[in-house]
Amino acid sequence: MSSQDKSEVPEEHLPEVPASAHVPAESDPFADPGLPAHEPRRTDIDEKAANRAERQVAFLFVISMLATIGFIWSYVGIDKDRIIDIFFFGKIGAQNAALGGTLGIALFCIGAGAIHWARTLMTDEEIVQERHEFTSDPETREYAIREFTQGASDSVIGRRPLIRRTMIGAMALVPLSGVVLLRDLGPLPGTKLRHTEWKPGTELINEATGLPIKPDDIVKGSLTMALPEGLVEKYGPAGQKEELSHGWLEKAGMSAVLLVRLEPKDVKSKKELAWGYEGIVAYSKICTHVGCPIGLYEQQTHHLLCPCHQSTFDLADDGKVVFGPAARSLPQLKIHVNEAGNLAASQDFAEPVGASFWERG
Ligand code: FES
C-alpha cells in the first residue's frame, strides 16, 4: 500500500494494535516483538475498490477460459502443415504457435488472477499459530507406560522366553530377503573389471590404420592409439554390427592403449623402461579418475593430460599423477617385439584399468 493510500484511510479504520504486538521492554532486549499492526488495504475499506478488484480477477479468469477454447480450436481448426513467419521466431508451424500461445495465456491468466485475488481480496492479516508442547503431560506419559507394561504382561512375553527369542530371530532375519532381491539389479561384474583383452603375445593394432605396429612407426612426439589384435575383426566397428557394438565399445574402451616414444635417458624408472621397447612405452588410455579417454600429450614434459578434470600423468615417471583429482598412476602395458617384428603385449595389465572401484585392492 502506498503512503498516499494510507493518508486516505478514514480515522475509524486506523489499525488496532493486536495484543501480540507489544513493545519490547527496554530491560529485555530479546523480548518477542510480536506481529506488526495490521494495515488495511484500500479494498478492505472501500467497497467500490473491492468490487473493482473482483471484476479484474474475474476478467483474468474469463481471458483464461477464452484462451483454453482457442487452444482446443487451434488443435482441430488449424492445418498442422501450415507454416507462418513470425517476427523474431522466424518460420514455425501455425498450429504449434497457436497451441503454445493460447495455452500460455490460459495458464498465465489463472496464475495472475489468483495472485491478484490473494493480494486484494483475501484476508492479509497475519496470525500467530501457537505450537503445542512437544512433551506430553505427566499423566499422559504415566498412562502410556502403564498401558505398555500391561500389554507386555498380557502378551506373556516375559514368561515365555522361547517365543521372545524366536520372534527376535525372525524379525532380525526377515530384512535379509530384501538383500537377496538386490541380485535383481544385475549380474555381479566378477573379474570383468580386472582383465582386458590383452594376453601374452597379442599384437598391438594401430587404431587408425588397422595394421600391426612396428617400432619404427612410433616416432618421437607422436601419440599412437592401439587396440588388441582380433578385437576389431571379432566384434566389428561400432555401428556396423549393431547387436555387438556395445560389447565392442566396452572391450575397446577397456583395452585401448597409447604409445609414445621417449628418450631412455629421460625415463626415471627402470621398471618402466623394462616394460617398454627401446623407449617405446604403452599406457592405458583410460583416466584413473572417473574413466575419461586421455588424449593430450605434451612432448617436452612427457605429460599426458585428461581433458575431463585435468588430471596430468607423467609418462617419464611410471605414469604417476602430477596434477588433478586422479588418485593412482596410469597402468602400463608390458610390451615386446615379436618374431614378425611387430609390437605385442607381454601380458595383460598388471592392475585394473580405468576408474577406481570399491573392490580394487
Ligand atoms: S576423468 Fe580424467 S581427470 Fe577426471
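Remember, it's 1-based here, ligands and their atoms both numbered in the order they're listed.
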Participant: Going by the order shown, which atoms of ligand 1 are within less than 4.0 Å of some heavy atom of C292?
Facilitator: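 Per the distance check, 1 (S).
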Participant: How is the N/O/S atom of H309 that comes nearest to atom 4 (Fe) of ligand 1 named?
Facilitator: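 This turns out to be ND1.
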Participant: Taking the basic N atoms (NZ, or NE/NH1/NH2) and the acidic carboxylate oxygens, is any pair closer than 4.0 Å for K268 and D314?
Facilitator: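 Yes, K268 and D314 are salt-bridged.
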Participant: Test side-chain hydrogen bond (donor to acceptor under 3.5 Å, both in side chains) on D348 and T196; report intermediate values, then the result.
Facilitator: CA-CA 7 Å; D348 194 359; T196 66; 2.6 Å; yes
Participant: Pick one of side chain, backbone, both or neither for how C287 approaches ligand 1, counting any non-hydrogen atom pair under 4.0 Å.
Facilitator: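 Side chain only.
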Participant: When you look for heavy atoms under 4.0 Å from ligand 1, do you find them on the side chain of S311, its backbone, both, or neither?
Facilitator: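 It is both backbone and side chain that touch ligand 1.
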Participant: Quick one: which ligand 1 atoms are inside 4.0 Å of a heavy atom on V290?
Facilitator: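 It comes down to these atoms of ligand 1: 1 (S), 4 (Fe).
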Participant: Could you tell me whether F61 atom CZ has more than 12 heavy atoms of other residues or ligands within 6.0 Å of it?
Facilitator: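 Yes, CZ of F61 has more than 12 neighbouring heavy atoms, counting only those of other groups under 6.0 Å.
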Participant: Just jot down the ligand 1 atoms closer than 4.0 angstrom to any heavy atom of C306, in number order.
Facilitator: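 Within the 4.0 Å cut-off of C306, ligand 1 contributes 1 (S), 2 (Fe), 3 (S).
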Participant: Verify the neighbour count for atom CE of M122: are there more than 12 heavy atoms of other residues, nucleotides or ligands below 6.0 Å?
Facilitator: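 More than 12 within 6.0 Å, yes.
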Participant: Assess whether a salt bridge exists between R328 and E351, defined as any Lys/Arg side-chain N lying under 4.0 Å from an Asp/Glu carboxylate O.
Facilitator: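 Yes.
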Participant: Look at the N, O or S atoms of H289, main chain and side chain alike, and state whether any lies under 2.8 Å from atom 4 (Fe) of ligand 1.
Facilitator: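 H289 does place an N, O or S atom closer than 2.8 Å to atom 4 (Fe) of ligand 1.
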Participant: Under 4.0 Å between a Lys/Arg side-chain N and an Asp/Glu carboxylate O for R261 and E278?
Facilitator: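 The answer is no: the pair does not qualify as a salt bridge.
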